[in-house]
Number of protein chains: 2
Amino acid sequence: MSTISDVAKLAKVSVSTVSRVISGKGYVSKETQKKVLQAAQELAYSPNLIARNLQSGKTQTIGFITNSPLGFPNSFLGTFIAIANLHDYYVTLYFTNGDKNKEIDVLNQMKHRQLDGIFVFNRSNEWSVFESYTAYGPIATRYRINSKQIYSSHIDHYPIYLASLNYLYQQGYKKIAHSMGNPENRNTKARIKAINSFYQGNGLLLNVDWLFCETSTENNGNQLAHWFHHATDKPEALACHSDSIAVEFISELQNLGYNVPRDVAVIGFDNSDISRLMHVTTVDYSANLQAENSFVHLYNQLNNTNIPQHHLEYKLIERKTTPKINDYIEQD
Amino acid sequence: MSTISDVAKLAKVSVSTVSRVISGKGYVSKETQKKVLQAAQELAYSPNLIARNLQSGKTQTIGFITNSPLGFPNSFLGTFIAIANLHDYYVTLYFTNGDKNKEIDVLNQMKHRQLDGIFVFNRSNEWSVFESYTAYGPIATRYRINSKQIYSSHIDHYPIYLASLNYLYQQGYKKIAHSMGNPENRNTKARIKAINSFYQGNGLLLNVDWLFCETSTENNGNQLAHWFHHATDKPEALACHSDSIAVEFISELQNLGYNVPRDVAVIGFDNSDISRLMHVTTVDYSANLQAENSFVHLYNQLNNTNIPQHHLEYKLIERKTTPKINDYIEQD
DNA sequence: CTGTTAGCGCTTTCAT
DNA sequence: ATGAAAGCGCTAACAG
């Protein structure tokens, strides 16, 4: 494995000259450049990026923290990586399975300069923990949080969720159960606000027993299906805060002998592949732009640039799980 | 950002002593250790891993190459990362979208010592290209290939596919279409061999028009659905080489007004989450063990260890898309 | 048990 | 336009 000084020797120039032609910085005469390139070629020289990184103090690597591979963040992650690669950044993926310590390990990677920045797709620790690490590098998330130190590319869930509920209402559903995230999340709070507006606005009575907040993400859709199975008073529709909950719910319900939407309508959230495959009505909220915004922010912080952010929009994607009530026709 | 020599100064010892206590290697007296730790604490010192990497020439990072985020390799990837993290390795994910150059870029990352090893989940370039890079580090894949240089944790698809076909036969399906991978893959060849055995063994006639080999992974299930829609002579069952093809096929068929399994039975391959959610009969072939084997091999190569590999088994997972023919009962 | 010293491979002033 | 030399922060002989 040849080094820069091997090349220098062979080309009979100094290491700094070689460095200049390899990195393309600084003045080098055409002739010496040619000599160097030839020597480099001959020795099959390739620069050691670790040494470069030590010099620059950067690794060009962003850490991506997510709970588990089961959350179907595929498209988001794909976009994030694509845009990162476009800017010569790489992304290292960490599955924490909700383990706070694993999350801390990742944050420490940044502290140890192994990571230039971090994106938080899921989190287990308090935001204050993340904030304390912003001293070592930029952190971004998709959650809607109120922090000066952590960037958040989010979209207000209030109008979106209100639109979802109004849509369900318009389709004839009045008895609606709600599956929501961590009650401390601002997204969840926005949804609760939307729920209140909705029920008051339509003169409906909110059944508090039909308000589910997530404690552990694990199998939540599954549990909801069993809850539905045993409930004496069943809702006409379930509004979910993620497609993954929605499809787990539907799938398990099918195992229990139910039919969606005949027995209950379902609306998801994310417009993920899985919702498309399973024909679940959902909401698209420009997750790809959100991913792009997140990376761009990290990039801007890291490089003192000012690439502009995209504005996020949402759109209801109507599929088969929310027909007009009582309109369901047995598929043939 | 304090360095090891800052700590050394404050603790009034040499850098090597500090290095010893931080890395836990070599003899240090309890007292000096305490002094050093205290100084480190005071300065909020944390080791710069890049420097360590330069010293060791390693990054503790494995590159994971995959085509696109749409192939549902979630569980495999999750296992791979989990086992890697357990061994203090990290994994950087690359989506190539079938772009050969992007694949080469990743290989060059290893050449530049940014990556200690590479796992190939999908590939676009010839294997010989990959082989030429094994000079720079170990490469592993899940494909069944014949290479001394690239490790492959695979399972023979011949008996598996034969078992799938026999199962379909036993369920009463005799008109079977086949969706397969790249005809140059040895897995595909094994499947073709299984097909021949099957048709000959059962005295059936193989319809060559029902043999689909994949050129581009994109939307293959989709295309198959449209093919089915327009075919005058339709098969009774489709056997797929991946769950992702199977579910895309089913989903698009549903869009076209068909019903699976009433109109056509489907068997997948992978036992992925998506097949579970959509109740697709599939084959489990210990993909998680395959992921583990792959990492373990890379680890063994990198560390001159000899952690043993797992033996891969397969198991047919019977779900709802392959009932006894003509036994389909409209779900209620 | 601890300190000195020489790198790891590259970039970057600062001279010339 | 090119070279010498000083690091980047850490590890690992080697000496004592």
Side-chain angles (χ1 to χ4, degrees), chain A residues 1-40 43-60 108-116 136-137, chain B residues 1-40 43-61 88 108-116 136-137:
Chain A
M1 205 102 299
S2 52
T3 72
I4 197 170
S5 73
D6 294 332
V7 178
K9 256 171 233 158
L10 184 61
K12 296 199 170 89
V13 295
S14 72
V15 285
S16 41
T17 303
V18 177
S19 174
R20 283 186 195 102
V21 355
I22 298 299
S23 62
K25 294 177 183 175
Y27 305 96
V28 186
S29 75
K30 278 267 177 277
E31 300 161 52
T32 40
Q33 178 172 343
K34 210 168 130 187
K35 272 198 304 187
V36 170
L37 253 24
Q38 201 168 316
L43 295 169
Y45 168 75
S46 66
N48 181 328
L49 295 186
I50 310 177
R52 232 178 232 178
N53 289 343
L54 175 59
Q55 179 71 30
S56 66
K58 304 286 177 198
T59 57
Q60 299 293 110
N108 279 328
Q109 288 292 311
M110 181 161 77
K111 187 172 177 184
H112 296 160
R113 270 133 297 184
Q114 193 74 298
L115 254 26
D116 289 354
Y136 307 109
Chain B
M1 204 102 299
S2 52
T3 73
I4 197 169
S5 73
D6 294 332
V7 177
K9 257 171 233 159
L10 184 61
K12 297 198 169 91
V13 295
S14 72
V15 284
S16 45
T17 302
V18 177
S19 174
R20 282 186 195 102
V21 354
I22 299 298
S23 61
K25 294 177 182 174
Y27 305 95
V28 186
S29 75
K30 278 267 177 277
E31 298 162 55
T32 41
Q33 177 171 343
K34 210 168 131 190
K35 272 198 303 187
V36 169
L37 253 23
Q38 202 169 316
L43 295 169
Y45 167 75
S46 65
N48 181 328
L49 294 186
I50 309 177
R52 230 179 235 177
N53 290 343
L54 175 59
Q55 175 70 29
S56 66
K58 304 286 176 197
T59 57
Q60 300 293 110
T61 304
D88 282 320
N108 279 328
Q109 288 292 312
M110 181 161 76
K111 188 172 177 185
H112 295 160
R113 270 133 296 184
Q114 193 75 297
L115 254 26
D116 289 353
Y136 306 110

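Proteins get letters first, then strands, A, B, ... in listed order; numbering begins at 1 in each. Small disclaimer: the values here were computed from a predicted structure and weren't measured.
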Using a heavy-atom cut-off of under 4.0 Å over every strand shown, decide if A:Thr32 touches base, sugar-phosphate, or nothing. sugar-phosphate
Measure the distance from CG on A:Leu49 to C1' on C:dT11 and round it to the nearest whole Å. 13 Å
Below 4.0 angstrom from OP1 or OP2 of D:dC10, is there any side-chain N or O of B:Arg52? no
A:Ser29 has its side chain closest, among D:dT2, D:dG3, D:dA12, to D:dT2
From the list D:dG3, D:dT11, C:dG9, which nucleotide is the closest neighbour of the side chain of B:Leu54? C:dG9
Would you say the side chains of B:Arg113 and A:Ser46 form a donor-acceptor pair under 3.5 Å? yes
Under 4.0 Å between a side-chain N/O of A:Tyr45 and OP1 or OP2 of C:dC10, yes or no? yes
Under 3.5 Å: donor-acceptor pair, side chain of B:Thr17, backbone of B:Val13: no
Rounding to a whole Å, what distance do you find between B:Lys25:NZ and D:dA12:C1'? 10 Å
Nearest-Å distance, NZ (B:Lys35) to C1' (C:dT2)? 10 Å
Find out whether B:Met110 and B:Asp116 are in side-chain contact, i.e. whether some heavy atom of one side chain is under 4.5 Å from a heavy atom of the other. no
Only one of B:Asp6, B:Ile4, B:Val36 passes side chain to side chain contact (heavy atoms under 4.5 Å, CB included) with B:Tyr45, and that residue is B:Ile4
A:Ile4 atom CD1 is separated from C:dC10 atom C1', nearest whole Å, by 6 Å
Distance-only donor-acceptor test (3.5 Å): side chain B:Arg20, base C:dG3: yes
Expressed as a whole number of angstroms, how long is the span from B:Lys34:NZ to C:dC1:C1'? 18 Å
For B:Val18, which contact category applies under a 4.0 Å heavy-atom criterion: base, sugar-phosphate, or nothing? nothing
Does A:Ser16 reach a base, just sugar-phosphate, or nothing at all? Heavy atoms under 4.0 Å. base
d(OH, A:Tyr27; P, C:dT13) in whole Å: 14 Å
Would you mind telling me which of C:dC10, D:dT11, D:dC14 lies closest to the side-chain atoms of A:Asn48? C:dC10
Assign A:Ser19 to base, sugar-phosphate, or nothing according to its heavy-atom contacts below 4.0 angstrom with the strands shown. base
So does B:Thr3 get a side-chain nitrogen or oxygen closer than 4.0 Å to the phosphate oxygens (OP1/OP2) of D:dG9? no
To the nearest 0.5 Å, what is the distance between NZ (A:Lys34) and OG (A:Ser29)? 11.0 Å
Round to the nearest Å and state the distance from B:Ile22 atom CD1 to C:dT2 atom C1'. 16 Å
Per nearest nucleotide of DNA chain C, the residue lying toward the 5' end, A:Gln55 or B:Lys12, is B:Lys12
So, does B:Thr17 get its side chain near the phosphate of C:dT2, meaning an N or O under 4.0 Å from OP1 or OP2? no
Take atom CE of A:Met1 and atom C1' of C:dC10, then tell me their distance rounded to the nearest Å. 16 Å
Do A:Asn48 and A:Thr3 touch side chain to side chain, with heavy atoms closer than 4.5 Å? no
